[in-house]
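First up is the structure itself, then whatever we jot down about it.
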There are 2 protein chains.
Amino acid sequence: MAGKSVSAERCDCEVIHEDVVNSVRTKMPEEETLYDLAELFKVFGDSTRIRILWALDEAEMCVCDIAYLLNMTQSAISHQLRVLKQAKLVRNRKEGKVVYYSLDDEHVRMIFDQGLVHINEDR
Amino acid sequence: MAGKSVSAERCDCEVIHEDVVNSVRTKMPEEETLYDLAELFKVFGDSTRIRILWALDEAEMCVCDIAYLLNMTQSAISHQLRVLKQAKLVRNRKEGKVVYYSLDDEHVRMIFDQGLVHINEDR
DNA sequence: TAAACATATGAGCGACTATTCATATGTACT
DNA sequence: AGTACATATGAATAGTCGCTCATATGTTTA
């Protein structure tokens, strides 16, 4: 509580550029916003889901199509589609027994493209 | 091996829009590219790392600054900075004992912004 | 109604990962 | 050389996650 113990409990250092830190702190978005952002990228952070999204960007497909395309179990695909739907990245349409999935966000492709730019940068 | 077993082993369905699947298949990027893309987004998929990147987008900071800003252990931050560096998202500069980190990619902000657009879309 | 089939879902398992704790490395100062 | 300090790192742990397997749901057709 007194003198130098400004640095709280977590940070075990002494020298701090407090002006910089305070300046940055005021510019940071809300904690919750950054948390939501991380949650969104977590969804992109799996190659199965990336492949599904990429495929759906090309054409609307049913669960079975996707499973066949990616050579994976129908169950595995279905589970992942649920994740993607919760993240509001895909929508579905029912036609008899068959459920067709498609992209629900035109920004997905832009985000992917930006990611590709980064990947291709360092080669 | 005969007749209907076109659908391989993984996909346990029968009805498939093979034309669509084949068309999509030709348009899909290489497996490795999508894998790398997922790896990149995996790095973004953690709120600690997102916060670090956002902070560094505002100003260059030393490890201790970041730990103080985010109220986290120096060790935890250091571990995450290593991940970010391996992903070529941050670079560092040494000045005596202190190591300053900064963003190593101007696309990060654009990717974040696109992500925010998605998040804010459905409210 | 019964069989066939596309899809969804819950439980369980193995793999991965973020943090903590202890300690090592490297630099500055006395 | 020795102390102080900023940072890095390895091991251990707790929590998360993707897939599989079994099964449920819902729709079509006979």
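Lettering follows sequence order; numbering is per chain, from 1.
The minimum heavy-atom distance between B:S47 and A:L34, with the atom names listed, is CB-O, 4.5 Å. For the pair A:K88 and B:H118, the tightest heavy-atom approach, listed with the atom from each and the gap, is O-CE1, 3.4 Å.
Residues B:L116 and B:L56 fall within the same hydrophobic cluster, defined by Ile, Leu, Val, Met, Phe, Trp and Tyr side chains chained together at heavy-atom separations under 4.5 Å. The cluster map of Ile, Leu, Val, Met, Phe, Trp and Tyr, joined by side-chain heavy atoms under 4.5 Å apart, puts A:V108 and A:V83 in the same cluster.
Taking every heavy atom of residues 47-55 of chain A and every atom of DNA chain D, pairs under 4.0 Å involve A:T48, A:R49, by number.
Around atom CE of A:M28, more than 12 heavy atoms belonging to other residues, nucleotides or ligands sit under 6.0 Å away.
Remark: P of D:dG18 and CZ of A:F44 are 14 Å apart, rounded to the nearest angstrom. Nucleotide D:dT7 holds its C1' atom 15 Å from the CZ atom of B:R93, rounded to whole Å. The distance from atom CZ of A:F41 to atom P of C:dT17 is 18 Å, rounded to the nearest whole Å. The nearest whole Å value for the distance from the OH atom in B:Y100 to the P atom in D:dT7 is 8 Å. One can place CE of A:M61 at 16 Å from C1' of C:dT7, the figure rounded to the nearest angstrom. Following rounding to the nearest Å, A:Q74 (CD) and C:dT9 (C1') show an atom-to-atom distance of 10 Å. Between A:R82 atom CZ and C:dA11 atom P the separation is 11 Å, expressed in whole Å. The separation between A:H17 atom NE2 and D:dA6 atom P is 10 Å, rounded to whole Å.
Residues A:Q80 and A:E95 each lie close to DNA chain D; by heavy-atom proximity, the contact nearer the 5' end of the strand is made by A:Q80.
Counting heavy atoms from C-beta outward, A:W54 and B:P29 have side chains that approach closer than 4.5 Å.
A stacking contact between B:H79 and C:dT19 is absent: the pair does not combine a ring-centre distance of less than 5.5 Å to the base's six-membered ring with planes differing by less than 30°.
Judged by distance alone with a 3.5 Å cut-off, no donor-acceptor contact links the side chain of B:S75 to the base of D:dT7.
Nucleic acid contact class of B:Y101 (heavy atoms, under 4.0 Å, all strands): sugar-phosphate only.
Distance check, rounded to the nearest 0.5 Å: CG of B:L84 to CG of B:D104 gives 11.0 Å.
Distances shorter than 4.0 Å separate some side-chain N or O of A:T73 from OP1 or OP2 on D:dT20.
Out of C:dA28, C:dT7, C:dT20, the shortest distance to the side chain of B:K97 is found at C:dA28. When each of C:dT27, D:dG10, C:dT9 is scored by its nearest atom to the side-chain atoms of B:K94, the top-ranked nucleotide is C:dT27. When each of C:dT7, D:dA8, C:dA18 is scored by its nearest atom to the side-chain atoms of B:S78, the top-ranked nucleotide is D:dA8. Listed nucleotides: D:dG10, C:dA8, C:dA6. Nearest to the side chain of A:V99: C:dA8.
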